[in-house]
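Position 1 is the first residue of the sequence; numbering continues from there. Since we're looking at a predicted model, the values are computed, not measured.
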Amino acid sequence: QVQLVESGGGLVQPGGSLRLSCVGSGLTLDDYALGWFRQAPGKKREGVSCISSTDRVTSYADSAEGRFTISRDKSKNTVYLQMNSLKPEDTAVYYCATPRLKYGRCPSPDEYDYWGQGTQVTVSS
């Protein structure tokens with residue numbers, strides 16, 4: 001069965017950095033696209049970043065562009081989200097997700113099938 005587990009969240013000061021990890025089991029993650037999403041209290045879930053199955057396409061939300069970087073470590077079946085220059089408005093629960101079908105592009109939000117349980121990121125001084 002497919003499972004995704006996020007880790008790496010925590011409390012960080014504004015301007016600081018965190019690296020989130022998404023570890024897959026039951027599938028080879030580098031064969032599939034992976035997306036990072038976040039949801040803040042009282043807000044709808046929003047997409048943050050994604051990477052295609054071949055790494056030929058990456059995408060970032062406007063709020064993340066230039067600060068966040070998505071990458072893979074194929075040997076560890078892991079996808080990372082490096083977050084730099086963090087702001088209080090980045091505070092949210094962060095989720096990773098992957099589809100059951102293979103795409104050569106970043107999927108649309110409704111095309112993701114498997115989701116992790118989330119990891120809390122809090123940016124505060």
Side-chain angles (χ1 to χ4, degrees):
Q1 57 185 353
V2 175
Q3 290 187 322
L4 301 175
V5 179
E6 304 97 334
S7 63
L11 175 64
V12 65
Q13 294 183 341
S17 298
L18 287 172
R19 188 178 73 166
L20 306 184
S21 299
C22 178
V23 179
S25 62
L27 82 169
T28 301
L29 270 187
D30 59 302
D31 288 341
Y32 300 89
L34 188 132
W36 284 98
F37 298 82
R38 67 187 181 189
Q39 187 166 22
K43 303 293 185 180
K44 294 182 177 179
R45 185 182 63 202
E46 63 175 345
V48 178
S49 182
C50 66
I51 186 167
S52 71
S53 60
T54 61
D55 296 351
R56 68 182 62 182
V57 178
T58 58
S59 182
Y60 299 92
D62 289 343
S63 60
E65 185 74 45
R67 299 189 298 124
F68 294 4
T69 303
I70 190 168
S71 63
R72 298 182 186 271
D73 186 335
K74 295 179 175 62
S75 68
K76 298 180 179 180
N77 208 32
T78 299
V79 177
Y80 301 102
L81 184 68
Q82 178 68 45
M83 306 188 296
N84 299 325
S85 301
L86 283 163
K87 305 173 181 179
E89 50 263 45
D90 295 318
T91 296
V93 177
Y94 283 71
Y95 301 89
C96 64
T98 195
R100 67 183 302 273
L101 300 177
K102 297 181 180 180
Y103 299 89
R105 55 169 171 82
C106 285
S108 61
D110 63 350
E111 291 176 317
Y112 290 95
D113 298 294
Y114 305 108
W115 295 79
Q117 82 290 341
T119 185
Q120 176 71 49
V121 172
T122 302
V123 184
S124 177
S125 60

Exercise. Consider only side-chain heavy atoms of I, L, V, M, F, W and Y, link residues closer than 4.5 Å, and tell whether Val2 and Ile51 are in one cluster.
Key: yes

Quiz item: If Ile, Leu, Val, Met, Phe, Trp and Tyr residues are connected whenever their side-chain heavy atoms lie under 4.5 Å apart, and connections chain through other members, are Val12 and Tyr80 in the same group?
Solution: no

Min side-chain heavy-atom separation [X]-[Y] under 4.5 Å:
| X | Y | answer |
| --- | --- | --- |
| Tyr95 | Arg38 | no |
| Met83 | Asp90 | no |
| Gln120 | Leu11 | no |
| Val79 | Trp36 | yes |
| Leu34 | Cys96 | yes |
| Glu6 | Gln117 | yes |

Quiz item: Are any side-chain N or O atoms of Thr98 and backbone N or O atoms of Ala33, one a donor and one an acceptor, separated by less than 3.5 Å?
Solution: yes

To the nearest 0.5 Å, how far apart are [atom1] in [X] and [atom2] in [Y]?
| X | Y | atom1 | atom2 | answer |
| --- | --- | --- | --- | --- |
| Leu101 | Ser53 | CG | OG | 11.0 Å |
| Cys50 | Arg105 | SG | CZ | 10.0 Å |
| Leu81 | Thr69 | CG | OG1 | 8.0 Å |

Quiz item: Within a reach of under 6.0 Å around CZ of Arg100, are more than 12 heavy atoms found that belong to other residues, nucleotides or ligands?
Solution: no

Which atom pairs, one a donor and one an acceptor, fall under 3.5 Å between side chains of residues 13-30 and the rest of the protein, sequence neighbours left out?
from	atom 1	to	atom 2	distance (Å)
Ser17	OG	Asn84	OD1	2.9

Self-check item: Closest non-hydrogen atom pair, Ala40 against Thr91
Solution: CB-O, 3.6 Å

Quiz prompt | Where Tyr94 and Ala92 come nearest, the two heavy atoms and their spacing | solution = CD1-O, 3.4 Å

Self-check item: Contacts of type ring-ring contact (aromatic ring centres under 6.0 Å, His included), residue Phe37, not counting sequence neighbours
Solution: Tyr112, Trp115

Practice problem: Tell me, with the steps shown, if Phe68 and Gln82 meet side chain to side chain contact (heavy atoms under 4.5 Å, CB included). | Solution: CA-CA 5 Å; Phe68 294 4; Gln82 178 68 45; over 6 Å; no

